[in-house]
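Here's the structure, in structure tokens; my notes come after.
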There are 2 protein chains.
Amino acid sequence: MTSLRDVARVAGVSMKTVSRVVNNDPKVAPATRQRVQQVIEEMNYRPNLLARGLANGKTSTAGIVINLTADDVFGYPLFSDSLRGIAEALNNRLDMLLHLGHGKFPYLDLFHRHRVDGLILMNIPMDDPNLRGLLDSGLPCVFTCRLAADETRANWVDPDFASGAEQVIDHLVALGHTRIGVLAGPNHLFSAHERVRGVREGLKRYGLELDERLVCYGELFTGSGRRLAKHIMAQPDPPTALICSDDLMACEAIYALHELGYDVPDDVSVVGWDDSSLAPVFRPPLTSVRQDAYQKGALAAKRLLQLIAATDPEPPQQTLLPMSLIIRESTARVNQRRENYSAQQVAKTGS
Amino acid sequence: MTSLRDVARVAGVSMKTVSRVVNNDPKVAPATRQRVQQVIEEMNYRPNLLARGLANGKTSTAGIVINLTADDVFGYPLFSDSLRGIAEALNNRLDMLLHLGHGKFPYLDLFHRHRVDGLILMNIPMDDPNLRGLLDSGLPCVFTCRLAADETRANWVDPDFASGAEQVIDHLVALGHTRIGVLAGPNHLFSAHERVRGVREGLKRYGLELDERLVCYGELFTGSGRRLAKHIMAQPDPPTALICSDDLMACEAIYALHELGYDVPDDVSVVGWDDSSLAPVFRPPLTSVRQDAYQKGALAAKRLLQLIAATDPEPPQQTLLPMSLIIRESTARVNQRRENYSAQQVAKTGS
DNA sequence: CTGAAAGCGCTAACAC
DNA sequence: GTGTTAGCGCTTTCAG
């Protein structure tokens, strides 16, 4: 493996001069530059990024931290979109060091150990123990999620989940729904709470109140959907509509509803989330809240490049992305028969 | 950032001793080990992988090279599956450095510059100029594709495209098809040629011959599908069935056939490839050749770990993965009316 | 079992 | 414009 020293020796110049040529330092005589460049070609010299990084503290590498298993990340189409956005925005200016893992893993090690230039963090729980240390460290980092309502120190790009939820409520209330259940998502994710907040405020606008017994928190994507849906439907005066934290969850909820003998959407309306590629092809096609994951990733990456390029620390920048409701066939006007039945149940319970 | 030197100073031992503790070298007195470990905890010391890599030439990082744009990689479900397989098999023993890019990019730089411990390479063209240098370098690397029929120096894991194609032929011939067109895929990919070889040999088994005018090479996934399908259908005595290099290509071909006034599968049968998540949900659902991309990635990663762990150079290992035909609704018995029409055309041309 | 010295390949700071 | 010196944080000899 030819080193800078070898090039210097062959070209008959100092190592520093070679270094200057490699780094496009203008203070090199054209003749010298050319000679050095030729030797570099001939010897097929490539700078050792480890040595460079060790010497100057930069590695040309961005760490991508996703607090999910590889199975979830690559299994659910949304992350692929975000990663695609990141990759394109980075445009080969930074290589990507991917770090996946679920739970409270010490991802700060990515920085500590690999000395990445910056981090993009996705799906980070609010109570993540690394958070404070990370923000204090001054390492450029951008989140594609929010961490807490008042977190103003961090750079983030995040969809406006509350607004998405309010749009869902507008839609459902227009269809006559008043009892609405929420499979909110993981309790430790800010987005889950925003979703519930949006539902609550949306209902309030119509003089309705969210029955907190119809709100369930649970994991993303897999496993808990059926159980939670059944739990909610087992409450007194069960809801006529279910709002889910993602499309997979919605699919599971629909499955559970079928097992309970309900028809979707005739008996119960179900709303998915993310408008993933699943949504249009599922039967029934899912009404879902669309987020632009590609753009989310791209904006985060662009911001990271800015932060890394900046000489002075930049003030944090926070971007709220709009969400929009895509209406398909998993939601429908509330079933009169069931509504009456529910009303009777309430009367009975109330007596 | 606390360094090994700091730890050594505080613990009152030499740097080498700290190094031994960090690297689990057994030749350390238990008391010393414990003291050092405690100081490491207290000071929150993390080894600098750059420095370590510079000193010993190992980086705990695997380069993942995919010769496609990020758009293709994350847009087509198959790569996500492979990446998921890789990530899980690597099991955090190696970090993943992702390098995407289409064309003859100098991906050897990943090795040269980042000094990765090994490479997993996907979708590499046979005429890749880096190939020889890469194989000569002795860097552990595993391909999830073949490079040439006689390439025995490389480690690879690849589906048996020829066998997949033969299964397709069995299916199509059973349905009465004898004139079969192939949208083979990129000319520079070995898989494309294997696909055509399988078709040719498959037909031969039935005493049929592949009309080479009905074979077209083109890019993967996007763009060329419609044009190529139309080109093939414009040949004298056009085929009654089209075999495509991927499911997206099949979708495009079907689109083009509709534009030409053909019905699928009544007039022309179309076979997709990969059995991606697209296949079952497209209208008509695609008959497609299934490959287990997850397993392909997982096996490649496992092999890479072996190669890296090995002290002596290991003999290359080559794994051919089975493919299976999933029959859906885009293929059907050949249309008698058209068959007669084609026969007339042949008669006319022949006269 | 432990330590001292040298060096991995590069760049920063300062000469000239 | 160019060269010299020192050192980034670690591991590898090789001694003890």
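Chain A is the first sequence line, chain B the second, and so forth, proteins listed ahead of strands; every chain is numbered from 1. When reading the values below, keep in mind they use all heavy atoms of this one structure, side chains included, and skip hydrogens, waters and symmetry mates.
Of the candidates C:dC1, D:dT2, C:dG3, the closest approach to any side-chain atom of B:A29 belongs to C:dC1. With D:dT13, C:dC1, C:dG9 as the choices, the nucleotide that has an atom nearest any side-chain atom of B:L54 turns out to be C:dG9. Residue A:N48 places its side chain closer to C:dG9 than to any other of C:dG9, D:dT11, D:dT2. Distance from the side chain of A:A55 is smallest for D:dC8 among the nucleotides C:dA13, D:dC8, D:dT11. The side chain of A:L4 has C:dT11 as its nearest neighbour among D:dG3, D:dT11, C:dT11. Side chain of A:N23, nearest nucleotide from C:dG3, C:dT11, C:dG9: C:dT11.
Checked by atom type and distance alone, the side chain of A:R33 pairs as donor or acceptor with a backbone atom of A:D25 at under 3.5 Å.
In this structure, B:E314 pairs ionically with B:R303, as a charged nitrogen and a carboxylate oxygen lie closer than 4.0 Å. One finds a salt bridge joining A:R146 and A:D158 here, because a Lys/Arg side-chain nitrogen approaches an Asp/Glu carboxylate oxygen to under 4.0 Å.
Note on A:S3: every side-chain N or O is 4.0 Å or more away from OP1 and OP2 of C:dG9. Applying the 4.0 Å criterion to OP1 and OP2 of C:dG3, one finds that B:T17 has a side-chain N or O inside that range. OP1 or OP2 of D:dT11 lies within a sub-4.0 Å distance of a side-chain N or O belonging to B:R52. In this model, the phosphate group of C:dT2 is not approached by any side-chain N or O of B:S14 to a distance below 4.0 Å at OP1 or OP2.
At a threshold of 4.0 angstrom between heavy atoms, the contacts of A:V22 with the nucleic acid are absent.
A donor N or O paired with an acceptor N or O is not found under 3.5 Å between the base of D:dG7 and the side-chain atoms of B:R5. Counting atom types as modelled, A:R33 pairs no side-chain N or O with a base atom of D:dG1 as donor and acceptor under 3.5 Å.
By the 6.0 Å contact criterion, CD on B:Q318 is enclosed, its count of non-hydrogen atoms from other residues, nucleotides or ligands being greater than 12.
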